[in-house]
Amino acid sequence: MRFGLAASAIAIILLVLPHADHQGYSYELNQPWKYPLLTAEFDVPILRDSTSMKVMQDSIERTFVPFVTKSDITETDNVERFRALIADTATTAQVDVLTALLKETYDKGIIDQDLTEYINKEHGKKFRQMTGDDEATREVITLDATQMLTPGRAFTFIDSAYSARHQPAMPELSPGIIKALNISLTPNVTIDSINDTKYRDQEFLTVTGAMGVIKTGQRIVDRGEIITPQIYTNLNTYQEMMETRQSDRHDHTYFIIGQGIYIAIILIVLYIFLSIYRPRFFSDIRKMTFLVSFITLFTLFAILMFENVVQGLYVVPFAAVPVIVLVFFDSRTAIFALLATIFLSALVATYPLQFLFMEIIVGLVATFSIWQLDRRSQLLRTAALSLVCYVFTYFTMCLIMEGNFSQFSWRLLILFVINSVILSFAYILILVIEKIFGFTSAVTLVELSDINSPLLRRLAEEAPGTFQHSIQVSTIAAEAARAVGANTTLVRTGALYHDIGKLTSPIDFTENQHGINPHAKLDPVTSARKIVAHVTEGERLALKHKLPAQVRAFILEHHGKGMAKYFYTTAVNNNPDKIIDKKDFSYPGPNPQSVETSILMMADAVEAASRSLQDYSPESIDKLVDNIINGQIAEGLYKESPITFKDIETIKKVFKQRLATIYHTRVRYPEMNKKTATATAEQEKNQNQNQS
């Protein structure tokens with residue numbers, strides 16, 4: 001599974017990475033070039049920039065004289081059709097006159113709507129026509145477009161000419177003749193698509209073609225130079241040619257292999273750290289799945305932002321990586337996750353040095369600012385600190401790279417602000433991760449530790465003695481956890497819930513008894529089973545109320561595999577000649593698996609035993625703490641815990657101090673002498689009477 005996670009991460013990141021085996025450049029029009037001098041690695045054609053090209057193309061469109069073709073067949077066919085249509089309705093004289101006028105109209109030229117729009121333009125007064133059937137006789141002639149007519153204007157011309165020249169000798173045009181004329185007037189002058197496209201493309205070629213060449217080794221742009229539209233076009237051409245040339249090169253495969261090895265090395269280092277220093281995380285597939293998936297998805301987000309947003313890499317809140325990982329793991333794992341994510345994202349960074357310096361500093365500050373996230377307001381503080389660090393490191397890099405602030409960008413400061421705002425909403429992502437992976441954050445633990453929660457309120461009402469015991473245990477356990485650097489919030493919450501199993505039968509436990517002890521009439525084995533059962537009953541209640549696994553661990557492990565010693569000792573004393581089976585008096589366990597549950601085991605036993613002390617002198621408290629914890633060590637209850645002897649000594653010291661504070665000797669108030677009290681009362685009475 002772990003190998004599969006790493007392999008999947010490498011494959012996914014490689015799939016999304018831009019595979020250009022040269023430095024990618026990020027630049028904007030009318031902004032300074034921020035990189036060193038760029039020279040051409042090969043000949044680069046100089047193309048017109050888009051603005052100039054558009055102006056020239058518009059100019060060509062306005063001044064271009066279209067090529068047309070004049071169809072004699074159209075004229076002949078329409079004249080013959082007209083004769084046939086009016087043969088039965090017109091006189092011979094009318095036919096001859098109208099046919100002559102129709103031919104005259106076709107000689108002028110009848111054009112379609114598109115050509116009509118052209119000649120209505122300011123410069124549209126001419127057409128060109130290609131004559132000749134072969135190369136030797138082919139010639140371009142110019143036609144006067146002002147005399148050409150549309151079908152409508154052609155009919156008007158014929159009607160006017162007929163009326164002016166032949167009235168009253170000729171009769172008026174009948175509806176049948178008018179209809180025949182309209183049918184016979186179709187355009188004979190149309191666009192010559194072949195020659196028009198050919199000559200139009202030739203003129204456009206002067207615009208789209210290269211104006212010159214940037215020779216190999218010549219300058220394209222230098223540092224600080226403003227990127228004009230022409231330079232912008234040259235850079236685009238250079239980038240496109242570079243990508244095309246590289247796609248044809250065989251070493252492109254080696255470039256991808258190099259990227260894969262780079263990603264693999266980073267993940268291997270992360271795996272080595274986890275396997276050596278955090279084996280409990282490395283062996284947990286669920287946590288490994290989250291960690292690798294989170295780093296991979298964050299890297300993908302960074303790559304996509306880089307490709308789709310100018311300087312988008314600085315919008316990505318990399319500081320959120322250690323903050324979120326810290327919530328579910330620890331600070332050292334959070335820092336390694338930060339480094340892995342940043343080094344993976346550096347594959348696409350325009351300025352790798354600047355990117356690594358800024359993001360590592362900001363990420364570390366964010367990690368140090370949140371030792372333990374248990375309030376949402378802490379994220380606002382972290383976001384503010386991140387913004388300050390971004391600004392400070394950016395100014396530093398400006399001085400290092402430029403020696404001044406000439407390349408300072410207000411846009412980048414705005415991106416830093418957006419970055420910090422996104423970071424402040426990391427709390428939402430924490431909640432989503434909790435639901436998906438079943439983790440428990442410190443914020444959730446704080447909510448669970450509210451004594452007004454249903455389960456704790458029930459404990460306070462039904463088993464008040466147990467509730468007070470849990471409060472005391474949580475107080476001293478949390479103090480000890482803070483002293484040894486353990487998870488204080490987790491210990492406090494686990495301590496509050498560790499005895500909820502006693503809700504099944506509160507009266508069976510000493511702290512809830514008021515003069516009546518049900519164990520007086522029970523044999524030791526039965527009593528021990530009732531006492532031991534509060535662990536399994538606590539687990540059942542915890543599952544019913546959906547308490548997190550981390551909290552349930554305190555319920556199961558706070559007695560480990562120890563024994564109910566009181567009843568075991570009673571059974572041994574009552575049966576001196578009988579071998580007593582320890583299993584009947586043993587808790588189900590397991591023994592503490594973490595520093596936090598180990599602290600609770602110590603605090604639970606010490607607090608319970610301290611209630612039976614007759615003398616609360618420092619010496620008796622010290623002796624009590626030492627005896628109980630040393631006894632647990634002798635029983636081997638901490639063999640499975642990562643707790644150290646140094647931690648245990650620190651915990652003992654904290655317990656002794658806290659118990660001495662709780663049970664400190666109070667000042668005995670003196671009693672007033674009766675005679676003195678009476679005399680004082682009389683004196684006050686006389687004073688009051690005198691005042692009246």
Side-chain angles (χ1 to χ4, degrees), residues 469-470 472-488 490-492 494-495 498-499 509-511 524 528 531-532 534-535 553-573 580 582-664:
H469 162 70
S470 298
Q472 292 279 33
V473 170
S474 71
T475 301
I476 63 174
E479 191 70 25
R482 186 177 293 107
V484 297
N487 190 326
T488 307
L490 178 60
V491 170
R492 180 182 291 110
H498 79 283
D499 270 345
F509 300 90
T510 307
E511 65 267 22
I531 297 299
V532 169
H534 85 276
V535 172
F554 285 85
I555 299 172
L556 293 172
E557 298 174 18
H558 76 279
H559 284 296
K561 294 182 179 180
M563 290 194 304
K565 291 184 179 179
Y566 177 88
F567 296 106
Y568 174 72
T569 303
T570 302
V572 171
N573 292 338
I580 304 300
K582 291 184 178 181
K583 291 182 180 178
D584 293 333
F585 301 87
S586 298
Y587 288 94
N591 287 326
Q593 305 293 304
S594 65
V595 173
E596 287 77 12
T597 54
S598 300
I599 292 172
L600 178 65
M601 173 182 277
M602 299 178 199
D604 182 46
V606 167
E607 200 282 333
S610 67
R611 293 171 180 265
S612 63
L613 280 176
Q614 300 298 320
D615 174 24
Y616 289 106
S617 64
E619 293 76 14
S620 61
I621 290 175
D622 291 354
K623 183 178 179 181
L624 173 74
V625 172
D626 289 334
N627 288 342
I628 289 178
I629 295 179
N630 290 341
Q632 291 173 334
I633 295 172
E635 291 179 41
L637 297 180
Y638 301 116
K639 286 184 177 180
E640 299 172 39
S641 171
I643 197 166
T644 65
F645 284 111
K646 181 179 179 181
D647 290 339
I648 292 174
E649 290 303 316
T650 302
I651 292 167
K652 285 181 180 180
K653 183 178 180 181
V654 171
F655 285 171
K656 293 172 184 178
Q657 292 173 346
R658 294 297 297 179
L659 290 176
T661 303
I662 294 171
Y663 298 114
H664 68 277

Does NZ belonging to Lys561 count more than 12 external heavy atoms closer than 6.0 Å?
->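 12 or below, so no.
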
If you measure from [atom1] on [X] to [atom2] on [Y], what distance do you get to the nearest 0.5 Å?
X      : Y      : atom1 : atom2 : result
Lys565 : Lys582 : NZ    : NZ    : 10.0 Å
Leu613 : Ile621 : CG    : CD1   : 7.0 Å
Phe645 : Ile633 : CZ    : CD1   : 6.0 Å
Ile476 : Ile651 : CD1   : CD1   : 11.0 Å

Main-chain N/O of [Y] paired with [X] side-chain donor or acceptor, under 3.5 Å:
X      : Y      : result
Gln632 : Leu637 : no
Ser641 : Ser598 : no
Thr650 : Lys646 : yes
Tyr616 : Leu659 : no

Quick one, [X] and [Y] - any side-chain contact, counting heavy atoms below 4.5 Å?
X      : Y      : result
Val532 : Pro588 : yes
Phe509 : Asp499 : no
Val484 : Val654 : no
Asn573 : Thr569 : yes
Asp584 : Phe567 : no
Asn591 : Lys639 : no
Asp615 : Lys623 : no

Start with the C-alpha distance between Glu607 and Arg611, add both sets of side-chain angles, then the distance that settles salt bridge (charged side-chain N to carboxylate O under 4.0 Å, His left out), and finish with yes or no.
-> CA-CA 7 Å; Glu607 200 282 333; Arg611 293 171 180 265; 3.1 Å; yes

Minimum heavy-atom distance between Ile643 and Tyr638, given as atom pair plus value = CG2-CB, 4.4 Å

Nearest heavy-atom pair of Pro592 and Gly560: which atoms, and what distance?
->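 Looking at all heavy atoms of both residues, the shortest contact is CD-CA, 4.3 Å.
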
Charged N to carboxylate O below 4.0 Å: is that the case for Glu649 and Lys653?
-> no

With Tyr587, which of His558, His534, Glu557, Met563 fulfils side-chain contact (heavy atoms from CB on, under 4.5 Å)?
->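 Exactly one option meets the side-chain contact (heavy atoms from CB on, under 4.5 Å) with Tyr587, and it is His534.
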
Could you point out which residue of Ile628, Val625, Asp626 forms a side-chain contact (heavy atoms from CB on, under 4.5 Å) with Phe655?
->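 Testing Phe655 for a side-chain contact (heavy atoms from CB on, under 4.5 Å) against Ile628, Val625, Asp626 leaves exactly one candidate, Val625.
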
Verify whether the ring centers belonging to His559 and His498 lie closer than 6.0 Å.
->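 Between His498 and His559, which both carry aromatic rings, the centre distance is not below 6.0 Å.
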
